[in-house]
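Note that this is a predicted model, so its numbers are computed, not measured.
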Amino acid sequence: SDYDVDGACAASIFKKYLTQFDIEVFVYIPNRLNEGYGLSTPACNKLLEFSSNILVLDCGSNNLDEQKYINAQGAELLVIDHHECDHYFNESIVINPKTPEDKSNLDDLCATALSFLVIVFLNNEEIFEKKDVLQYLDLVSLATICDLVPLNNINRTLVKQGLRLINSDNSNKGIQTLINLSKIKQKISEYHLGYIIGPRINAGGRMGESLLAYNLLSSENIHQAVQFAQIIELHNQNRQKIQSKIVKEIDININNNLNINFFYDEKWHIGVVGIIAGRLMRINNRPSFVMTQSNDLVVGSGRSQGEKNIGLLMMQATEKGILIKGGGHHKACGFTLKKENVDDFKNFNQAREVVKVLEAQVRELQEELIVTQGLMTQNKRLKEQTNFVDFPDIKIITGRVVTHSGGPFVKSMLINIGQDNGARLGQAVMSEYGLVGVIVEVASSFARVLQITDINSQIPVVTENTRDPAIINGDNSR
């Protein structure tokens, strides 16, 4: 599996589930510092020494050569992954909502959540003896928060139920030891998982002990779990020191003329480039890519707010030969390239960011045109159907503020319509901005209008009984 929280949680769930049926499970997690992410031929050989039934979690979708290699050895392969994937080896079983033919609409689930659903399926189909699978929801909740996937309906439900379990007396022993070691006294929330527990679990893999997080989360012995947690705490403290030193070295303003943060130093620790990219991304809300050197290659991580699918971007850069390999999802990615391609990689990402800005501007113009055309069509239709009075210089006296999905706007207004205007109940009142509403009350030179179209950008919003001289004088320019 992968060496992050999602990979460790997925591996722990399957270990706990399968060992109930006396199935021997061997877990292999590559070392981040000298093996890197995903399947490799050496990793395949180690797995094949143990079994001909191989399960790959939170990686493997795009490792076509390795999938073919496992198949050639006569072994069965099941991949459960959620990273971007254009194609895979047909002889493999790949469960990944990001594959082109998948119709599940589960794109936002992390690998642990997908693993949980596979186990639910096995349980419901009684492939094995039925067991309590809801006990794994604490791990699902932890992975869902830490892997930065959107909290849509299903993810929100998984997190809610997982947190309920974490805050009970039956939570995962590894999670509970970290909570105690972190001295958290409050009820555990998404914040604690994402900012306190998650970084600690990731610290082992970042510092080179890839199996540490899995060992902690799969442990059934509380004393053993405490030992793992103490080692993790030491790694986390070391990670914080290294990270702080690197962040102080970085001049965030050096990329002010770019739409991205792009930093490379061959001396930086490979285990912290991802978390530093996330830190820089939060400082100025730009997609961030941080790289360092590993052996003769450059490796790096990227983070974004999700406005651009940087995982897909890495796959495109790989197809163009800029990267040796790369992938990820909307908010996080990893990549490897040759040193001589660093500038090309920077230019590739910057060009994509410029395109993204232009695309956003085009979308805004299209949306504005659609709204304008819609209002014009609506006003024309209402004019044809309604006996209206045209008051181009409507003066608003007071209005009642109402909130709806589009924001606050004036729902009803008292307007000055002048003497001898012929206004009567039921008439539509027009202004230079288009249809305002229908007259529901007339008194002398004033009328109360019930607004029936949302033009809050044109009509000033005022509170009930507030008299604003600018509004009374008919100044609608604000």
Notebook entry, point to check: Could you give the distance from NZ (Lys187) to CD1 (Ile166), rounded to the nearest 0.5 Å?
Noted result: 11.5 Å
Margin query: Pairing donors with acceptors under 3.5 angstrom, does anything connect the side chains of His82 and Asp58?
Written below: yes
Notebook entry, point to check: For Glu84 and His329, does a side-chain donor sit closer than 3.5 Å to a side-chain acceptor?
Noted result: no
Margin query: side chain to side chain contact (heavy atoms under 4.5 Å, CB included) for Met207 and Val272? Distances and angles first, verdict last.
Written below: CA-CA 8 Å; Met207 296 295 103; Val272 298; 3.9 Å; yes
Notebook entry, point to check: Does the side chain of Thr112 pick up a donor-acceptor pair with the side chain of Asp6 at under 3.5 Å?
Noted result: yes
Note to self: Donor-acceptor check, side chain of Asn167 to backbone of Leu163, threshold 3.5 angstrom: yes or no?
What the structure shows: yes
Checklist line | Point-to-point distance, once rounded to the nearest 0.5 Å, from CD of Glu266 to CE of Met291 | finding: 12.5 Å
Checklist line | Near-ring test Phe345/Phe335, centroid separation under 6.0 angstrom | finding: yes
Next item on the list: Please indicate whether Arg239 has more than 12 foreign heavy atoms, meaning atoms of other residues, nucleotides or ligands, lying under 6.0 Å from its CZ.
Entry: yes
Item checked: Which atom of Ala277 lies closest to which atom of Ser301, heavy atoms considered -> CB-O, 3.9 Å
Next item on the list: Using atom types as modelled and distance alone, determine if a side-chain donor or acceptor of Ser244 lies under 3.5 Å from a backbone N or O of Lys241.
Entry: no
Check: Are Trp268 and Glu249 linked by a side-chain donor-acceptor pair shorter than 3.5 Å?
Finding: yes
Next item on the list: Give me the ring orientation class for Phe128 and Phe21: parallel if the planes are under 30° apart, tilted from 30 to 60°, perpendicular past 60°.
Entry: parallel
Check: More than 12 non-hydrogen atoms from neighbouring residues, nucleotides or ligands closer than 6.0 Å to NZ on Lys325, yes or no?
Finding: yes
Checklist line | Residues Lys68 and Glu91 bridged, charged N to O under 4.0 Å | finding: no
Item checked: Non-hydrogen atoms of Cys146 and Gly194 that approach each other most closely -> SG-CA, 4.4 Å
Next item on the list: Output, in order, the C-alpha distance, side-chain angles, deciding distance and verdict of side chain to side chain donor-acceptor pair (under 3.5 Å) for Ser219 and Asn221.
Entry: CA-CA 6 Å; Ser219 178; Asn221 184 305; 5.6 Å; no
Margin query: Strictly distance-based, threshold 3.5 Å: is any side-chain N or O of Ser1 a donor or acceptor partner for the main-chain N or O of Gly7?
Written below: yes
Check: How long is the gap from CG on Asn31 to OG on Ser210, to the nearest 0.5 Å?
Finding: 5.0 Å
Check: Would you say the side-chain atoms of Ser182 pair up with the backbone N or O of Ile184, donor to acceptor, closer than 3.5 Å?
Finding: no
Item checked: Over all atoms of both residues, closest heavy-atom pair of Tyr214 and Ser218 -> O-OG, 2.7 Å
Next item on the list: Keeping the roles fixed (side chain from Ser141, backbone from Leu137), state whether a donor-acceptor pair exists under 3.5 Å.
Entry: no
Checklist line | Exam field: side chain Arg200 to backbone Ile196, donor-acceptor pair closer than 3.5 Å | finding: yes
Margin query: Can you see whether Asp108 engages Asn152 through a side-chain donor-acceptor pair at a distance of less than 3.5 angstrom?
Written below: yes
Next item on the list: Any chance you could measure Lys130, atom NZ, to Asn124, atom CG, to the nearest 0.5 Å?
Entry: 5.5 Å
Item checked: N/O donor-acceptor pair under 3.5 Å between Ser189 side chain and Tyr191 backbone -> yes
Next item on the list: Quick one: closest heavy-atom pair of Ile13 and Val140, and the distance?
Entry: CD1-CG2, 3.9 Å
Notebook entry, point to check: Got a donor-acceptor contact below 3.5 angstrom from the Gln67 side chain to the Gly60 backbone?
Noted result: yes
Check: Is a side-chain donor-acceptor pair under 3.5 Å present for Asn153 with Arg156?
Finding: no
Notebook entry, point to check: How many angstroms lie between CG in Leu193 and CD1 in Ile188, if you round to the nearest 0.5 Å?
Noted result: 7.0 Å
Check: How are the rings of Tyr136 and Tyr17 set to each other: parallel, tilted or perpendicular (split at 30° and 60°)?
Finding: perpendicular
Check: Is the count of non-hydrogen atoms from other residues, nucleotides or ligands lying under 6.0 Å from Glu24 atom CD greater than 12?
Finding: no
Next item on the list: Using only heavy-atom distances, determine whether the side chains of Asn202 and Tyr3 contain a donor-acceptor pair under 3.5 Å.
Entry: no
Next item on the list: Taking Asn341 for its side chain and Leu337 for its backbone only, find out whether a donor-acceptor pair lies under 3.5 Å.
Entry: no
Notebook entry, point to check: Taking all atoms of both residues into account, what is the closest heavy-atom pair of Ile252 and Leu280, and its distance?
Noted result: CD1-CD2, 3.8 Å
Notebook entry, point to check: Quick check: are there more than 12 heavy atoms from other residues, nucleotides or ligands sitting under 6.0 Å from NZ of Lys160?
Noted result: no
Notebook entry, point to check: For residues Gln305 and Asn285, is any side-chain donor paired with an opposing acceptor at under 3.5 Å?
Noted result: yes
Item checked: side chain to side chain contact (heavy atoms under 4.5 Å, CB included) between Ile275 and Gln243, worked out -> CA-CA 8 Å; Ile275 202 165; Gln243 177 186 332; 3.5 Å; yes
Checklist line | Least distance between heavy atoms, Val5 atom then Ala143 atom | finding: CG1-CA, 4.1 Å
Margin query: Would the distance check show the side chain of Arg206 and the main-chain N or O of Gly271 forming a donor-acceptor pair, the cut-off being under 3.5 Å?
Written below: yes
Check: For atom CG of Asp132, is the number of surrounding heavy atoms from other residues, nucleotides or ligands below 6.0 Å larger than 12?
Finding: yes
Check: If you measure only the distance, is there a donor-acceptor pair under 3.5 Å linking the side chains of Tyr264 and Lys346?
Finding: no
Check: When rounded to the nearest 0.5 angstrom, what distance separates CG in Leu323 from CE in Met314?
Finding: 6.0 Å
